[in-house]
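Structure first, commentary second.
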Amino acid sequence: MGLKEQLVRKGDYVWELPKNTVNGQKVPVIIYLSDALFELLEEDAIKQAANAATLRGVQKAIYVMPDVHVGYGFPVGGVMATDTETGIISPGSVGYDINCGVRLIATNLQSKDVAPKIKELMQEVLKNVPAGVGSTGDIRLSPSSMEEVLVKGAKWAVEHGYGLEEDLEHIESFGSLPNADPSKASHEAYERGSDELGTVGSGNHFVEVQMVEEIYDEEIAQKLGLHEGQVTIMVHSGSRGFGHQVCTDYLKVAVRVLPKYGIELPDPQLACMPFLSNEGQDYFKAMCAAANYAFANRQILGFKTANTVRRFLGLSWEEFGYRLIYDHAHNIAKIEEHRVGSKLKKVVVHRKGATRAFPPYNPEVPPAYREVGQPVIIPGDMGRASYLLVGQPDSMEKSFGTACHGAGRVMSRRAAKRLVKEQGLERVIAGLTVVARGKGTIMEEIPQAYKDVSEVVRVIHELGIAKMVARLKPLGTLKG
DNA sequence: ATGTGC
């Protein structure tokens, strides 16, 4: 019998694979889905979550978000917490793109200010913001300046003129993880990262000019400084080749030391090390360094895009009204304190394609947002919409303080290309303004290739994990 | 995701 058939329905949006369903499964797998999204759930994604539930020191449950799909070893949309003393850390459960994440910038502009000239504006963004596989930026980092980026994260970017000091307060972990140790990243990672800072990358990464299309909660929107018709800028990118190399390097290390630590795995892609081992600590410190690279990357991308739009419209900064709403990771592992049973416990929370969604009054939520909760930015596809939510109290018990991260693919890259070839690109993306160096990524990233992000977000809202605040509509998109 | 892959 397949695992999907063994899922037990626990509520309108809650499914459970009880512990011990697969051999050695220490905790249940809890999957959050609507009926429509249940239909799209892949057997292999359940298997991957169940595999993770066998790992050493895993706590409470593996949680799976409604935008789940199969990933490398651990599903995208998966959340795993392991005991900091007895548990493991797993590079595959963070993902190859360490600190892939999203940033949302508010402006004083109205959609009517940009909509009529959006094509010309996006051509200007294409000229100024490097995008695509292997694209390089205008920053060259010597090994010593690279070290500074890896330690300071977004702060490095602000010190070098990209953005404002006050931006840092509105970034997860203030844009800089304290456990970063640049010496734990390889020479190869340094090389790859030396010319890619301030570049978008490829795949689902993008820079987008948007408008606030609908407000769901007026009071919260007001506190966040958002209103209908307002122009926003969204950035979706990560740590580029640097993070990719860190993941590659430490997956090899993990595989090598499995026998030393007596770790047996249901899937070699789940290769991991005890968190407190030398190798586990090395990975953690290198991963934090890669996360800081990504924070710096998005800081530069967001500011460069804003500056391009501002100059195109001939506005002063004051008229433009640049303001960072928030920036957060959705591929990361962090040490956090969570309630497990009756006591608080320090755990390593792995979020892979999953966003931290801390509730109001959590000390990690910046003062300006303390009463509304941590902003949760959910990018959709380039055709439909993206969402802004805020973390709610139930997230702590239901998912280690975690929400979804996006729409999630429903069509393979190959199938998407086939559809475009059959129907023609003009027809498939009719009415959208998308710019890119080539057509390849656009073909793979058509809206039809994605699940409906509204349905994903609705599940998170209904569960009380995060609350819907606003829907953002793409005006123009830059893809890799 | 990725100096993209059988």
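Letters A, B, ... are given to chains in the order of the sequence lines, protein chains preceding strands, and every chain is numbered from 1. Heavy-atom basis, side chains included; hydrogens, waters and symmetry copies ignored.
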Heavy atoms under 4.0 Å, any strand shown: does [X] hit a base, just sugar-phosphate, or nothing?
| X | result |
| --- | --- |
| A:E188 | base |
| A:G95 | nothing |
| A:G238 | nothing |
| A:G201 | sugar-phosphate |
| A:E196 | sugar-phosphate |
| A:S202 | sugar-phosphate |

Between [N] atom [atom2] and [X] atom [atom1], what is the distance in whole Å?
| X | N | atom1 | atom2 | result |
| --- | --- | --- | --- | --- |
| A:R240 | B:dT2 | CZ | P | 5 Å |
| A:Y293 | B:dT2 | OH | C1' | 13 Å |
| A:K252 | B:dT2 | NZ | P | 18 Å |
| A:D249 | B:dT2 | CG | P | 16 Å |
| A:K479 | B:dT4 | NZ | C1' | 15 Å |
| A:Y72 | B:dT4 | OH | P | 18 Å |
| A:E444 | B:dT2 | CD | P | 12 Å |

- Item | First encountered from the 5' end of DNA chain B, between A:V133 and A:H205 |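 Closest to the 5' end, via its nearest nucleotide, is A:H205.
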- Message: Please compare A:G132 and A:R413 by the position of their nearest nucleotide in DNA chain B and report the one closer to 5'.
- Response: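 The residue whose closest nucleotide sits nearer the 5' end is A:R413.
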- Query: Does a donor on one side chain sit under 3.5 Å from an acceptor on the other, for A:E124 and A:T308?
  - Reply: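 On atom types as modelled, these side chains do not qualify, holding no pair under 3.5 Å.
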- Does a donor on one side chain and an acceptor on the other come within less than 3.5 Å for A:S90 and A:S93?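 There is such a pair between these side chains.
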- Give the intermediate values and the outcome of salt bridge (charged side-chain N to carboxylate O under 4.0 Å, His left out) for residues A:E445 and A:R409. CA-CA 9 Å; A:E445 291 288 314; A:R409 288 195 85 88; 3.2 Å; yes
- Does any pair with a residue in residues 419-436 of chain A pass side-chain hydrogen bond (donor to acceptor under 3.5 Å, both in side chains), and if so which ones, sequence neighbours excluded?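 Found none.
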- Residue list, salt bridge (charged side-chain N to carboxylate O under 4.0 Å, His left out) with A:K417, at least two apart or on another chain: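 Checked A:K417 against salt bridge (charged side-chain N to carboxylate O under 4.0 Å, His left out); matches are A:E444.
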